[in-house]
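Note that this is a predicted model, so its numbers are computed, not measured. Index from 1, following the sequence.
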Amino acid sequence: MASIADEIEYKLDSVKVSSLQPDEIDPTFRSTCIDLISGTLGGKILAFSDQWFAEAVNLITPTPPIRQLGKMVFTGAWYDGWETRRHNAEPFDWVIIRLGVASGTVEGIEVDTAFFSGNHAPAVSVEGVFSQDDDEVVSWQGGRGKWETILGVQEGGPSQRFGWKLDAPTKKQYTHVRLNMYPDGGIARFRLFGHAVPVFPDDKDAVFDLAAAQNGGVAVSCSDQHFGTKDNLLLPGRGKDMGDGWETARSRTKGHVDWTIIKLGAPGYVEKFVVDTAHFRGNFPQKVAVEAIEWKGEGNPAADAEGWNEVVPPSKTGPDQEHDFTSSARDSVATHVKLIMIPDGGVKRLRAFGKRAA
């Protein structure tokens, strides 16, 4: 029996991947990678073949898709995703996205068809390219151009999260990706998991944010993220509301603290931390502290690993403001930092300003 890939005229290179169950996607990627095309990171929709029923920009919304059953708009039922018209005469519908980082390497992909049932995408593929010319990339539209295969044709289905991990990730860098949908239909969310390849300042004495996601920082673990994910801490800007910060559940235990560990984009000498409680007005932490470590072991350090040093002692915070804290270990190399909230609450952003280590 012929597969969907066999029937598609636009042929792609074969790339070996492992399919992931919906409950395997976050554990596989969220502690080691970032979503390179997230709208909050700076990912941008540059072009699309069609978006009659629902806009392509919804694909890169960082929050999970929602449903408003019974809500109707000019084109029909409202959907939180990207949906094109029926009976596409071309081989596939497509959307071109510029990454939110200077460039990135890819570890895996997620395509979520949540709430699209009967109008979902039957199959998808993903291509990438490294280019400094947006106009050139857009000019290829649905043609071959210089696109390279990241994910070959994979079958989709109704209302489900689909994930694929590249079996042999390469160091190939991409600046743009194209999501292809065969032949048409709807997709709620698209995630491109990988690692930022930042452009560091040529001046080795330049001070910049070593923790920023755009500079390669990754939030690798945390004690809790009930209301808001740890990954938000490293995003650019100060956000739009409490929904795009890190917020934990209320604690009821005496002596409780919450924490998150960030792997810096490069080992460095951190001079100053900025803890921003923007939009957290009645639920900011009473105090925060920061610890740092030069980790030389496998993987990432645990919260109780030996070698953590306090570089910012427990310090009071206030609502909806940026707090500057000088590091007490400006001459010590750090690979990871740990932000501690005492006892719990919400923080919008963490900045770790410093110089790269030689």
Side-chain angles (χ1 to χ4, degrees), residues 1-38 41 43 59-60 91-92 94-114 120-131 144-157 160-182 187-198 213 216-221 231 263 265 297-300:
M1 183 176 178
S3 67
I4 290 179
D6 294 331
E7 298 174 354
I8 293 172
E9 297 178 5
Y10 184 84
K11 300 301 181 185
L12 293 98
D13 295 333
S14 177
V15 176
K16 292 184 178 181
V17 297
S18 298
S19 295
L20 302 172
Q21 294 299 311
D23 60 357
E24 295 177 320
I25 298 172
D26 288 342
T28 300
F29 298 120
R30 291 291 184 181
S31 63
T32 58
C33 301
I34 62 171
D35 178 8
L36 296 166
I37 55 173
S38 170
L41 186 62
L59 287 168
I60 58 176
F92 55 87
W94 51 268
V95 59
I96 296 172
I97 305 169
R98 186 177 66 212
L99 273 59
V101 295
S103 67
T105 59
V106 180
E107 293 276 340
I109 294 98
E110 177 188 348
V111 170
D112 187 352
T113 60
H120 57 274
V124 299
S125 69
V126 179
E127 298 173 277
V129 70
F130 185 96
S131 173
R144 179 68 63 181
K146 298 178 183 177
W147 294 111
E148 300 176 4
T149 305
I150 296 177
L151 177 73
V153 178
Q154 300 289 333
E155 292 192 29
Q160 182 180 323
R161 294 177 70 189
F162 295 89
W164 300 274
K165 186 178 189 300
L166 276 61
D167 287 352
T170 69
K171 297 298 182 182
K172 180 70 180 180
Q173 296 171 226
Y174 300 101
T175 56
H176 301 72
V177 291
R178 184 173 71 184
L179 172 63
N180 304 321
M181 175 168 60
Y182 303 89
I187 296 171
R189 296 289 187 269
F190 174 36
R191 312 291 188 211
L192 189 74
F193 295 111
H195 306 280
V197 181
V218 180
V220 298
S221 60
D231 308 290
K263 180 181 180 181
E298 294 292 325
N300 293 298

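Nearest heavy atom pair, residue L99 against residue Y174, reads CD2-O, 3.3 Å. The shortest heavy-atom contact between L59 and L179 is CD1-CD2, 4.1 Å.
Residues I187 and F162 fail the side-chain proximity criterion, which asks for heavy atoms closer than 4.5 Å. You'll find the side chain of V177 reaches within 4.5 Å of the side chain of F190, heavy atoms only. Using a 4.5 Å heavy-atom threshold, the side chains of V111 and W164 count as touching. The shortest distance between side-chain heavy atoms of D231 and I34 does not fall below 4.5 Å. A 4.5 Å side-chain heavy-atom check between L20 and F29 finds at least one atom pair inside the cut-off. For the pair F193 and K165, the minimum side-chain heavy-atom distance is 4.5 Å or more. Side-chain atoms of V101 and V197, non-hydrogen and from C-beta on, never get closer than 4.5 Å to each other.
Remark: E127 CD to L12 CG distance equals 5.0 Å, nearest 0.5 Å. Rounding to the nearest 0.5 angstrom, the gap separating the CD1 atom in I109 from the CZ atom in R191 is 13.5 Å. Taken from OG in S103 to NZ in K172, the straight-line distance is 10.5 Å, to the nearest 0.5 Å. Here Q154 contributes atom CD and Y182 contributes atom OH; the two are 10.5 Å apart, rounded to the nearest 0.5 Å. A distance of 5.5 Å separates CG of D112 from CD of E110, quoted to the nearest 0.5 Å.
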Chi angles and distances behind the salt bridge (charged side-chain N to carboxylate O under 4.0 Å, His left out) call for D26, R161:
CA-CA 11 Å; D26 288 342; R161 294 177 70 189; 3.0 Å; yes
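Looking only at distances, a side-chain donor or acceptor of T175 sits under 3.5 Å from a matching main-chain atom of V129. Between the side chain of T105 and the backbone N or O of K171 there is no donor-acceptor pair closer than 3.5 Å. Put simply, the side chain of D35 gets close to the backbone of L192: a donor and an acceptor are under 3.5 Å apart. Looking only at distances, no side-chain donor or acceptor of D13 sits under 3.5 Å from a matching main-chain atom of E148.
Counting non-hydrogen atoms of other residues, nucleotides and ligands closer than 6.0 Å to NZ of K11 gives a total above 12.
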